[in-house]
Amino acid sequence: HTRLPGGRPASRSRRDQGFVTVWTVALSFSCISLIGLVHDAGRALRARSDAFGTAAAAARAGAQEIDRAAAVLGDTRLDLELAEQTAAAYLAARGVQGEVSAADMDVTVTVTDTTDLQILPGSVTVNATATAHAAQGQTPP
């Protein structure tokens with residue numbers, strides 16, 4: 001046996017062998033799991049944000065479709081059929097499924113987007129649903 005200064009033996013206790021390996025594996029697994037959770041949560045939040053952005057843009061596109069014949073006479077109102085068609089066409093052009101409705105001066109669009117989690121175990125699909133409204137004319141504060 002080799003001796004350290006002070007006369008102590010340089011050998012390790014048998015109970016400590018492998019402890020660092022187990023601890024390192026556990027810590028590595030925890031770090032990878034945390035990174036996966038952050039990554040996948042970011043994907044889910046991005047899907048929701050994208051769904052809302054698409055719904056809002058489609059609603060704004062639909063709300064721009066005023067009734068031209070009524071506008072010539074000085075009456076501002078929404079062409080409900082054209083507003084719904086325009087909003088639906090906006091969604092279709094982007095390959096997104098959604099529901100569109102128009103009433104009075106308001107266009108409402110609901111979009112559902114799905115995304116798959118990539119890192120966390122299992123094949124999990126997250127649905128993100130967002131609804132947006134757009135109104136033609138002035139709205140109260």
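If you're wondering where the values come from, they're calculated on a predicted model, not measured in any experiment. The analysis underlying the following values was restricted to heavy atoms, covering all of them including side chains, and did not include hydrogens, waters or symmetry mates.
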Engineer: Would a 4.5 Å heavy-atom cut-off, applied to side chains only, mark Gln118 and Asp40 as touching?
Structural biologist: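 Gln118 vs Asp40: side chains touch.
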Engineer: I need the minimum non-hydrogen distance between Ala71 and Ile66, along with the two atoms involved.
Structural biologist: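 Heavy-atom minimum between the residues: CB-CD1, 4.0 Å.
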Engineer: Roughly how far apart are Leu78 CG and Met105 CE, rounded to 0.5 Å?
Structural biologist: 6.0 Å
Engineer: Check whether Arg48 reaches the backbone of Ala130 with its side chain - one donor and one acceptor, N or O, closer than 3.5 Å.
Structural biologist: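 No; judged by distance alone, with no hydrogens or angles, the pair does not exist.
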Engineer: If hydrophobic clusters are built by linking Ile, Leu, Val, Met, Phe, Trp and Tyr wherever their side-chain heavy atoms come under 4.5 Å apart, do Val111 and Val100 end up in the same one?
Structural biologist: yes
Engineer: His133 and Ala59: which non-hydrogen atoms are nearest, and at how many Å?
Structural biologist: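 Scanning both residues, the minimum pair turns out to be C-CB, 4.2 Å.
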Engineer: Could you give the distance from CG (Asp67) to OG1 (Thr76), rounded to the nearest 0.5 Å?
Structural biologist: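 Here the interatomic distance stands at 10.0 Å.
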Engineer: Can you name the nearest heavy-atom pair linking Ala83 to Ala102, along with the distance?
Structural biologist: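 Scanning both residues completely, I find the closest heavy atoms to be CB-CB, 4.3 Å.
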Engineer: Under 3.5 Å, is there a donor-acceptor pair between the side chain of Ser49 and the main chain of Leu45?
Structural biologist: no
Engineer: Are Thr115 and Asp113 side-chain neighbours, meaning at least one heavy-atom pair lies under 4.5 Å?
Structural biologist: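 Thr115 does not reach Asp113 side chain to side chain.
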Engineer: Under a 4.5 Å cut-off applied to non-hydrogen side-chain atoms, are Thr110 and Thr129 in contact?
Structural biologist: yes
Engineer: From Glu99 CD over to Thr112 OG1, what is the distance, rounded to the nearest 0.5 angstrom?
Structural biologist: 7.5 Å
Engineer: Test of understanding: clusters of I, L, V, M, F, W, Y form through side-chain heavy atoms closer than 4.5 Å, transitively. Do Val107 and Val96 belong to the same one?
Structural biologist: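 Yes, same cluster.
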Engineer: Just wondering, more than 12 heavy atoms not from Asp104 lying within 6.0 Å of its CG?
Structural biologist: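 No - once you tally the heavy atoms of other residues, nucleotides and ligands closer than 6.0 Å, there are 12 at most.
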Engineer: Looking at every heavy atom in both Ala51 and Ala128, which two are closest together, and how far apart are they?
Structural biologist: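 Smallest interatomic distance, heavy atoms only, reads CB-O, 3.9 Å.
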Engineer: When rounded to the nearest 0.5 angstrom, what distance separates OG1 in Thr125 from CG in Asp116?
Structural biologist: 4.0 Å
Engineer: Does Val126 share a hydrophobic cluster with Phe52, counting links as ILVMFWY side-chain heavy atoms below 4.5 Å and allowing steps through other members?
Structural biologist: no
Engineer: Give me the other members of the hydrophobic cluster that Val72 sits in, counting Ile, Leu, Val, Met, Phe, Trp and Tyr linked by side-chain heavy atoms under 4.5 Å, directly or via other members.
Structural biologist: none
Engineer: Say you draw a straight line from NE2 of His39 to CG of Leu117; how long is it, rounded to the nearest 0.5 Å?
Structural biologist: 9.0 Å
Engineer: Which value, rounded to the nearest 0.5 Å, describes the distance between Thr86 atom OG1 and Leu91 atom CG?
Structural biologist: 11.0 Å
Engineer: Between Ala87 and Ala58, what is the shortest heavy-atom contact and its length?
Structural biologist: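 Between these two residues, the closest heavy atoms are CB-O, 3.4 Å.
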